[in-house]
Amino acid sequence: MTQSDKQQHKQSFKDDFLNRINGIKMTRWIRFSIVAVLFIAWMIWLGEWWPAIFLVLLFDIYITGYIPFTWWKKSKNKTVRSVMSWVDAIVYALILVYFVFSFVGQNYQIPSSSLEKTLLTGDYLWVNKITYGPRVPMTPVHFPLVHNTLPIINTKSYLDHPSVGYRRLNGLRSVESGDIVVFNFPAGDTVATRFESSPEYYDILVDRYGRDRLHKDKNTFGDIIYRPVDRRQNFVKRAVGLPGERIRIVNDTIYINGVAQPMPKNVQFNYIVALSSPLSPEMIYDLGIAEGDCEDINAGLTAIDRANLLTWMPRADINSHFYAMPMTEAMIETLNTKGMIKDMIKTSALIAPGTQGAYLYPKGIAADWSLSNYGGDEGLLIPAKGLTIPLNETTWATYHRAIRNYEGHHDAYIRDGIVYIDGKPADSYTFDMDYYFMMGDNRDNSQDSRFWGFVPEDHIVGTPVFVLISFDKDRSIFNGGIRWNRILRDANPDK
């Protein structure tokens with residue numbers, strides 16, 4: 001190409017560029033300006049400027065149109081135009097959903113009763129990610145409308161690579177005591193795919209069946225896979241212990257650094273209750289107890305069982321109707337007002353001391369602990385960023401999962417009483433992250449930190465702000481299946 005041809009080509013491109021710009025309607029300039037301002041604001045929040053290259057793409061999409069994204073609009077085939085218009089709309093919607101779900105918030109379903117009666121099974125929540133600051137997606141290539149598995153085809157909804165390290169954008173505040181928090185299940189890093197939604201997570205399965213059987217018996221357990229942090233199962237609990245605090249539970253009361261904490265309004269415990277008359281299904285429903293949680297135990301009681309119960313509940317008698325069920329203080333008051341309670345006792349009082357500790361965290365340390373009395377005499381120290389602990393057999397048993405699994409020192413172990421970090425002997429360790437102690441309000445029916453330990457800061461997703469809608473699984477849609485009184489209700493009335 002001669003110099004003259006080059007100049008002519010350059011002039012031709014300039015003229016074409018100006019013609020394209022001059023031909024754009026003001027409404028499209030406004031749309032581009034709004035999108036560009038939002039994109040630049042997002043870059044400032046992100047603290048990265050390399051995405052600015054996409055501003056050129058946005059300018060072409062809205063203004064110049066050199067890349068023929070909308071080629072289908074000029075097609076003479078009506079079917080092509082119709083199909084591609086839907087594809088175009090869906091792609092735009094998915095991109096918008098991706099950014100909203102990643103950096104603003106997303107919906108979340110309550111799958112279990114661990115936070116009853118604050119949050120109910122069947123509640124759909126809006127989870128705010130801005131409060132604590134959203135995490136930059138660690139697995140950025142993922143389908144935005146599902147968590148980790150595509151329905152029907154039952155395959156992963158994300159790509160393991162590329163992946164990025166943990167980073168959280170600036171939020172409004174940190175996690176506070178009493179916050180209800182959505183987080184990724186820390187012990188869900190390794191999963192047996194057929195048990196992923198079960199309370200029996202990988203470590204429990206290993207203890208029960210052995211590692212070899214888990215990895216060989218795919219018909220029973222499925223594949224054994226690793227989940228990245230942001231693709232692990234979502235849990236929702238209440239933050240009861242913060243980084244650097246010592247937590248202790250004495251007779252169901254939580255003590256933080258030796259100070260007793262108030263009970264959440266809707267906290268509930270399991271009871272054996274002796275009633276003057278049986279409970280009808282409607283009475284159970286009005287109390288707010290799920291059908292499966294209220295057990296009429298009269299039929300299964302032998303004469304000896306009944307006599308034993310009466311030794312625990314002297315105000316009851318042989319004509320009492322016995323139930324096992326979880327109750328809040330408000331439920332107890334309702335039944336007392338009706339004059340129905342003859343006597344009652346917490347189920348935990350009937351459990352022999354030392355029988356729960358084998359299942360609690362940390363193993364080997366919690367042998368004489370229970371759900372109601374936890375943390376020992378001094379309380380369990382919750383790790384905090386910058387906190388240094390001595391390393392010995394006791395602290396290793398308590399913190400080795402945080403050191404190995406959460407902070408990435410995979411070559412860490414203990415041998416002959418000496419702890420090795422990255423293959424080298426170490427007598428102390430300084431934590432890189434903050435950690436939290438999470439518990440459910442349904443204290444005796446909650447798989448929480450008392451079983452599997454601390455929640456690292458990089459697992460925090462956000463905090464629920466309100467209930468979008470709520471469905472009662474025990475009722476039909478036309479018979480109370482939709483809990484209308486919970487729509488747009490505050491998801492954490494205790495705060």
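Source: prediction; values computed, not measured. One is the number of the first residue; the rest follow in order along the sequence.
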So do the side chains of [X] and [Y] get within less than 4.5 Å of each other, counting heavy atoms only?
X: I249; Y: T253; result: no
X: L125; Y: N107; result: no
X: F471; Y: I477; result: yes
X: P383; Y: Y399; result: yes
X: N148; Y: E196; result: yes
X: V236; Y: I110; result: yes

Looking at [Y] and [X], is there a salt bridge between them, counting it only when a charged N and a carboxylate O are closer than 4.0 Å?
X: R489; Y: D123; answer: no
X: D203; Y: R208; answer: no
X: R401; Y: D189; answer: yes
X: D494; Y: R238; answer: yes

For [X] and [Y], which I'm curious about, is there any donor-acceptor pair between the side chains at under 3.5 Å?
X: Y132; Y: D179; value: yes
X: D230; Y: N184; value: no
X: Y226; Y: R231; value: no
X: T118; Y: D441; value: yes
X: D60; Y: T64; value: yes

*ring-ring contact (aromatic ring centres under 6.0 Å, His included) involving Y285 - partner list, sequence neighbours excluded*: none
*asked:* For the backbone of I460 and the side chain of R168, can you confirm whether one donor and one acceptor N or O come within less than 3.5 Å of each other?
replied: yes
*asked:* Main chain of Y62, side chain of R31: is a donor-acceptor contact present, judged purely on distance under 3.5 Å?
replied: no
Please output the side-chain donor-acceptor pairs of residues 257-266 that fall under 3.5 Å, not counting sequence neighbours, one pair per line with the distance.
| unit_1 | atom_1 | unit_2 | atom_2 | d |
| --- | --- | --- | --- | --- |
| N257 | OD1 | R246 | N | 2.9 |
| Q261 | NE2 | V259 | O | 2.8 |

*asked:* Please identify which of these residues, F185, Y406, Y166, meets the ring pair (Phe, Tyr, Trp, His ring centres under 6.0 Å) condition with H459.
replied: Y406
*Closest heavy-atom contact between M433 and P456?*
CE-CB, 3.8 Å
*Out of D293, V273, I284, T347, which one pairs with M325 under the side chain to side chain contact (heavy atoms under 4.5 Å, CB included) rule?*
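Answer after filtering D293, V273, I284, T347: V273.
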*Let me know which of K237, R450, E245 forms a side chain to side chain contact (heavy atoms under 4.5 Å, CB included) with F437.*
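Of K237, R450, E245, side chain to side chain contact (heavy atoms under 4.5 Å, CB included) with F437 is met by R450 alone.
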*Is K385 close enough and on-axis enough to F431, meaning under 6.0 Å and within 45°, for cation-pi?*
no
*asked:* List the residues meeting side-chain hydrogen bond (donor to acceptor under 3.5 Å, both in side chains) with Y435, not counting sequence neighbours, and say none if there are none.
replied: E407
